[in-house]
There are 2 protein chains.
Amino acid sequence: MQQTLELSSEVLAQRLADSGLRATPQREMIYEMVLKKRDHPTADEVYARVRADMPGISLATVYNCLETLVQCDLVRAVHFERGPTRYCPNLRPHAHFHDEQSGTIHDVNLTPELLAQIRAVLPPGYDARTVEVTFRGKASPLTSSEHRVAGSE
Amino acid sequence: MQQTLELSSEVLAQRLADSGLRATPQREMIYEMVLKKRDHPTADEVYARVRADMPGISLATVYNCLETLVQCDLVRAVHFERGPTRYCPNLRPHAHFHDEQSGTIHDVNLTPELLAQIRAVLPPGYDARTVEVTFRGKASPLTSSEHRVAGSE
DNA sequence: AGTGAGATTTAGAACTATTCCAATGATATA
DNA sequence: TATATCATTGGAATAGTTCTAAATCTCACT
Ligand SMILES: [Mn+2]
Ligand SMILES: [Mn+2]
Ligand SMILES: [Zn+2]
Ligand SMILES: [Zn+2]
């Protein structure tokens, strides 16, 4: 787990370099924050968390860095209704369950088989680059706290 | 087809009455506009279309009426990324294919069997009130213009 | 037909999340 | 060390939507 965090900055540096971008303290900090507490935070929430360690950072930079991480395929942007964009470091194929009671987001693993079945509903000529599955409802507390999907990548 | 339009205002009046609401010219006009051209218009687009027949209507009323129609389960609000809310009169279970090239939205029928399979990925304790499936990609013009899903309800 | 309560519409202000902008600061390279 | 480029910053601007308060309409009841 410590290793994962250490490695993450190397992964980040590599991905940034691949895109001709620099590894900055802000980018590293934001990336590690998103990895650390994988609760699909909004930009504002990331801002609040990062400011504890890096008080001078600006909200604009948080938006810039998150967008950069998305471009580098290290983080995914996810949307619920018209709410603020949330950021997810789980890169495996998964669905999102939005608990209407608590407002929390839960990852739900999707098998390649199911994804294939879903894609199969598309008529010929439709070429889907991405498939998104979103649930909305209630998750009973007893089970929701136990559920955990495997880490990203 | 003419019948469908005539009946629609009765359906509307009934649904509104069920919710203790009144049938107004604005609500009728907006509902018929959304039914007439089922291309998932935004509030702005509905506003533009409705103004041709009802020049004095306000954008606030368009938002109000669309929200009312959603509450009455006559129209569904759908979202893509952080774009403006779009409105869909197709009440059957279906997915949305968002063509990135043209920006158009296509309905894709979903069978109850597939929906059941998708729900089956949820761990025990997760109770999904809604399931949403969204594709993003490109639809080749040749086939996309031919594809049509059955009318709503 | 007239009145009043409540529903509806309206214009514009306010709001939220995000993006844009221009200035400043940091970094890599020559 | 100079220079070009990249990155960050604070604040202004933007887009979509919601809110507010006043005007208008509708309906039930007299
Ligand atoms: Mn946000
Ligand atoms: Mn709109
Ligand atoms: Zn996720
Ligand atoms: Zn639709």
Side-chain angles (χ1 to χ4, degrees), chain A residues 9 12-31 33 40-51 53-72 74-88 103 105, chain B residues 9 12-13 15-31 33 40-51 53-72 74-87 103 105:
Chain A
S9 73
L12 172 62
Q14 188 54 59
R15 291 292 184 92
L16 288 169
D18 291 348
S19 304
L21 301 172
R22 297 173 183 167
T24 66
Q26 288 89 345
R27 285 171 178 167
E28 285 173 0
M29 171 101 285
I30 286 170
Y31 183 45
M33 277 297 170
H40 304 83
T42 64
D44 271 346
E45 285 163 351
V46 172
Y47 181 44
R49 291 174 196 176
V50 165
R51 263 204 294 190
D53 294 19
M54 194 180 269
I57 198 169
S58 76
L59 178 57
T61 297
V62 173
Y63 274 104
N64 290 339
C65 292
L66 288 170
E67 173 62 16
T68 297
L69 295 175
V70 169
Q71 295 311 322
C72 292
L74 289 165
V75 162
R76 281 153 57 161
V78 304
H79 300 94
F80 299 97
E81 314 275 303
R82 292 247 340 144
T85 303
R86 312 190 83 96
Y87 296 89
C88 171
I105 311 299
Chain B
S9 75
L12 172 62
R15 290 291 185 90
L16 288 169
D18 291 349
S19 303
L21 302 173
R22 297 172 182 168
T24 67
Q26 289 88 345
R27 285 171 178 165
E28 285 173 0
M29 169 100 287
I30 286 170
Y31 183 44
M33 277 296 170
H40 303 83
T42 64
D44 272 346
E45 286 164 351
V46 172
Y47 182 44
R49 290 173 196 176
V50 166
R51 263 203 295 188
D53 294 18
M54 195 180 264
I57 199 170
S58 77
L59 179 56
T61 297
V62 173
Y63 275 104
N64 290 341
C65 292
L66 287 170
E67 173 61 16
T68 297
L69 295 176
V70 169
Q71 296 310 322
C72 293
L74 289 165
V75 163
R76 280 152 59 162
V78 305
H79 301 94
F80 300 96
E81 314 277 304
R82 292 244 343 142
T85 304
R86 313 189 82 95
Y87 296 88
I105 310 300

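A quick note: this is a predicted structure, and the numbers were derived from the prediction, not measured. By convention in this document, chain letters (A, B, ...) are assigned in the order of the sequence lines, proteins followed by strands, and residues within each chain are numbered from 1.
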- Message: Determine whether a donor-acceptor pair (N or O, by modelled atom type, separation under 3.5 Å) exists between the side chain of A:Arg86 and the backbone of A:Ala77.
- Response: no
- Does C:dA17 have OP1 or OP2 sitting under 4.0 Å from an N or O in the side chain of A:Thr42? no
- Hey, what do you get for CZ (A:Arg27) to CZ (A:Arg15), rounding to the nearest 0.5 Å? 14.5 Å
- Spacing of B:Leu16 atom CG relative to D:dC27 atom C1', expressed in whole Å: 16 Å
- Query: Can any side-chain N or O of B:Arg82 pair as donor or acceptor with the backbone N or O of A:Gly83 at less than 3.5 Å?
  - Reply: yes
- Item | Spacing of A:Leu12 atom CG relative to D:dA7 atom P, expressed in whole Å | 12 Å
- Query: Any side-chain N or O of B:Tyr63 less than 4.0 Å from the OP1 or OP2 oxygen of D:dT18?
  - Reply: no
- Does B:Glu67 reach the main-chain N or O of B:Asn64 with its side chain, forming a donor-acceptor pair under 3.5 Å? no
- Task: Could you state the atom-to-atom distance from CG of B:Leu66 to P of D:dT18 in whole Å?
- Result: 11 Å
- Message: Less than 4.5 Å apart, side chain to side chain, heavy atoms only: is that true for A:Thr68 and A:Leu16?
- Response: yes
- Query: Do B:Gln71 and B:Leu21 touch side chain to side chain, with heavy atoms closer than 4.5 Å?
  - Reply: no
- Query: Between A:Tyr47 and A:Arg51, is there a cation-pi geometry (under 6.0 Å to ring centre, at most 45° from the normal)?
  - Reply: yes
Taking only nitrogen or oxygen atoms into account, show me every contact under 3.5 Å that the protein makes with nucleotides 8-12 of chain D, one pair per line with its distance.
unit_1	atom_1	unit_2	atom_2	d
D:dT8	OP1	A:Thr24	OG1	2.6
D:dT8	OP1	A:Gln26	OE1	3.3
D:dT8	O3'	A:Gln26	NE2	3.2
D:dT9	OP1	A:Gly56	O	3.4
D:dT9	OP2	A:Ser58	N	3.2
D:dT9	OP2	A:Thr61	OG1	2.4

- Item | Distance in Å, B:Arg49 CZ paired with B:Met33 CE, rounded so as to fall on 0.5 Å steps | 8.5 Å
- Length of the line joining A:Arg82:CZ and C:dC15:P, which is rounded to integer Å: 18 Å
- Message: Could you tell me if the side chain of B:Leu69 sits less than 4.5 Å from the side chain of B:Leu12, heavy atoms only?
- Response: yes
Can you name the atoms? Protein N/O to nucleotides 2-6 of chain C N/O, anything below 3.5 Å, with the distance.
unit_1	atom_1	unit_2	atom_2	d
C:dG6	N2	B:Arg22	NH1	3.4

- Message: Please report the distance, rounded to the nearest Å, between CD in B:Glu28 and P in C:dT9.
- Response: 11 Å
- Rounded interatomic separation in angstrom, taking CD1 from A:Ile30 and C1' from D:dA7: 12 Å
- Task: Please report, rounded to the nearest Å, how far the C1' atom of C:dA17 is from the CD atom of B:Glu81.
- Result: 15 Å
- Atom CD of B:Glu67 and atom P of D:dT18: how far apart are they, to the nearest Å? 7 Å
